[in-house]
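What follows is a set of notes on a single structure, which appears directly below.
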Amino acid sequence: MALQRPKGTQDHLPDGSSGSHSKAARSDTRAEAFAHVTETARRILTRGGARLIQTPIFEEADLVRRGVGGSTDIVRKEMFTVHYFGDHGGFILRPEGTAGIVRAYLENGLKQWPSPLKLWTHGPMFRAENVQKGRLRQFHQVDYEVIGVADALIDAEAIALMVEVVQTLGLKGARVKLGSIGDPADRETYNGYLRETFTPHFERLSDDSKDRLERNPMRILDSKSQTDQALIAELGVRPMLDFLGEAAAGHFTQVRGYLDAWGVGYDLDPSIVRGLDYYRRTAWELHHEGVGAKSALGGGGRYDGLSAELGGPEIPAVGWAFGIERLLIALDAEGIELPQQAGPLLFIAALDPEHTGLAAQIALQVRAVASAEFAYRALKPGNVFKEAERRRATYAALIGSEEAASGSVTLKHLQNGTQHHVNVNDLNAFLLEPS
RNA sequence: GUGGGUUUAGCUCAGUUGGUUAGAGCGCCGCUCUGUGGAAGCGGAGGCCGGGGGUUCAAGUCCCCUAAUCCACCCCA
């Protein structure tokens, strides 16, 4: 096929655009379902005081490398770089939202706003990954960040908000997996412990885990290899939570205390490892069985170290993001139908070509108070209703010579079948009456 | 980067052991229907069978390459 979108991208089409209303477009490409997710997130997050922020979808390469972390797969092999003529270090299509938001916070002096500053955004992210279920090269996230406060109360609020967004959309099967990766010193201690523990048994590790032992030993713990899991059990490997320092342990206890008190459910998961380097302490993922191999809808955590890493002052922060495509997959798996754009309140058509302009004029008049569409050409009476029905209109109106002469329309409510002659001057008011 | 499956109309799919002009359902357009919709009937448009190469008298069908897509590994949302 000559015309083909780039690998790992999707067109977001109007809902139902495959032709029939009974057969929806593919669940992961419905533009109106997407909009419903972001609108729901906006409503919930802004109620909590979050302000909308939008940052560029490309950033300086150096910002992304330092923000995400040089040891991550994202930086090692998944970046889309932007080249152009000129003497410059290059740009990168953003693989996640946090680094750009923290950059904007520092660059624009947002620290003078009341603290903590709660921000939210949504938009496309880019990773040069191989494609599979719920994994795209351009995907979309809803992103929430709270900058400026280190208190555990803020972590707990962030988790509660994330859960509220997906539950408000109707999702039932999502579970929070909660852990803590401690402070950097704690993690260093723990990684040392893991290396000491596994190195004598190096040959028994899977090939992937042999790699992990050097790069990121914590990854061994959630390996899918049965031999790895058997070895972990046999050695009685202790969890990260045992190695939390006093400060991190206290913080984690507080987070859990708030969630318990508020009735926000979660599963304690000591093997939680975040993919990005900047995380500290609280880390969590939101999982759902419907979304494929990795089952993660999204994740979040505290990243008190990022600001300094980017060259700013030490500023504590916590945030999360979820993938909109993955959320739609999960909703689809639960059979949840999201609302799509409603049809017009009025569809109006003329019976004769000389009145089509009048029909359009009336539609324009009605648009002052409601949605209205018109037929661009004259229709036979039967087809007026057929066309109105196809557009899912509430009312159909037709104009023949009698109506045109008397300045009225014949108006029919398509659901209950009631019909009236309404003067054009009274039409707007009539349409607004409850039917 | 690796392994496996798939690719025929807008969508979901048939297509015999290779053999004339490639089919169905839904959808789309029109007619029956010039003052009343959802139905039904009839008619129509729409395909270089993902792309390229090869075998053959003959390829949607067999072989090779390639792309996309789906599932999985690594890893992430």
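Just so we're on the same page: letters track the sequence lines, and every chain starts at 1.
Of all nucleotides listed (rA72(B), rC74(B), rG35(B)), rC74(B) comes nearest to the side chain of Arg212(A). Taking only side-chain atoms of Gln132(A), from C-beta outward, the nucleotide of rC74(B), rG35(B), rU69(B) with the closest atom is rC74(B). When the nucleotides rU36(B), rC74(B), rA77(B) are ranked by their closest atom to the side chain of Asp208(A), rC74(B) comes out on top. The listed nucleotides are rG35(B), rC71(B), rC75(B); the one nearest the side chain of Leu351(A) is rG35(B).
Nucleotides rC13(B) and rU17(B) have their C1' atoms positioned 23 Å apart, rounded to a whole Å. Atom name C1', nucleotides rC26(B) and rA39(B): the rounded distance is 16 Å, in whole Å.
For the OP1/OP2 pair of rC28(B) and a distance below 4.0 Å, the side-chain nitrogens and oxygens of Arg390(A) include at least one atom meeting the criterion. In this model, the phosphate group of rU32(B) is approached by a side-chain N or O of Lys380(A) to a distance below 4.0 Å at OP1 or OP2. Between Arg392(A) and the phosphate of rG37(B), there is no side-chain N or O to OP1/OP2 separation shorter than 4.0 Å.
Nucleic acid contact class of Gly400(A) (heavy atoms, under 4.0 Å, all strands): base. Here Gly300(A) lies out of heavy-atom contact (under 4.0 Å) with every strand. In this structure, Leu136(A) reaches the bases: a heavy-atom distance under 4.0 Å links it to at least one base atom across the strands shown. Within 4.0 Å (heavy atoms only), Gln138(A) reaches no atom of the nucleic acid at all. Among the atoms of the strands shown, base atoms are found under 4.0 Å from some heavy atom of Leu398(A). Nucleic acid contact for Ala296(A): sugar-phosphate only, since backbone atoms but no base atoms lie under 4.0 Å from a heavy atom of the residue. Among the heavy atoms of the strands, none lies under 4.0 Å from Arg137(A). Among the atoms of the strands shown, base atoms are found under 4.0 Å from some heavy atom of Gln419(A).
With hydrogens and angles ignored, no donor-acceptor pair under 3.5 angstrom links the side chain of Asn383(A) to the base of rU36(B). At a cut-off of 3.5 angstrom, the base of rG38(B) holds no donor-acceptor pair with the side chain of Gln415(A). Counting atom types as modelled, Arg135(A) pairs a side-chain N or O with a base atom of rC75(B) as donor and acceptor under 3.5 Å. The base of rU36(B) is paired with the side chain of Lys412(A) by a donor and an acceptor separated by under 3.5 Å.
Annotation: cation-pi geometry satisfied between Lys210(A) and Phe202(A) (NZ/CZ under 6.0 angstrom from ring centroid, within 45° of ring axis).
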So what does the secondary structure string of RNA chain B come out as, 5' to 3', with Watson-Crick or wobble pairs under 3.5 angstrom, [ ] for crossing and | for pairs with another strand? (((((((..((((.....[...)))).(((((.......))))).....(((((..]....))))))))))))....
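Heavy-atom contacts from other residues, nucleotides or ligands closer than 6.0 Å to CD of Gln54(A) number more than 12.
Heavy-atom minimum distance, Trp284(A) versus Ile272(A): N-CG2, 4.4 Å.
In terms of modelled atom types and a separation under 3.5 Å, the side chain of Arg391(A) and the main chain of Glu387(A) share a donor-acceptor contact.
Residue ring and nucleobase are stacked for Phe139(A) and rA77(B), with a centre distance beneath 5.5 angstrom and an angle between planes beneath 30°.
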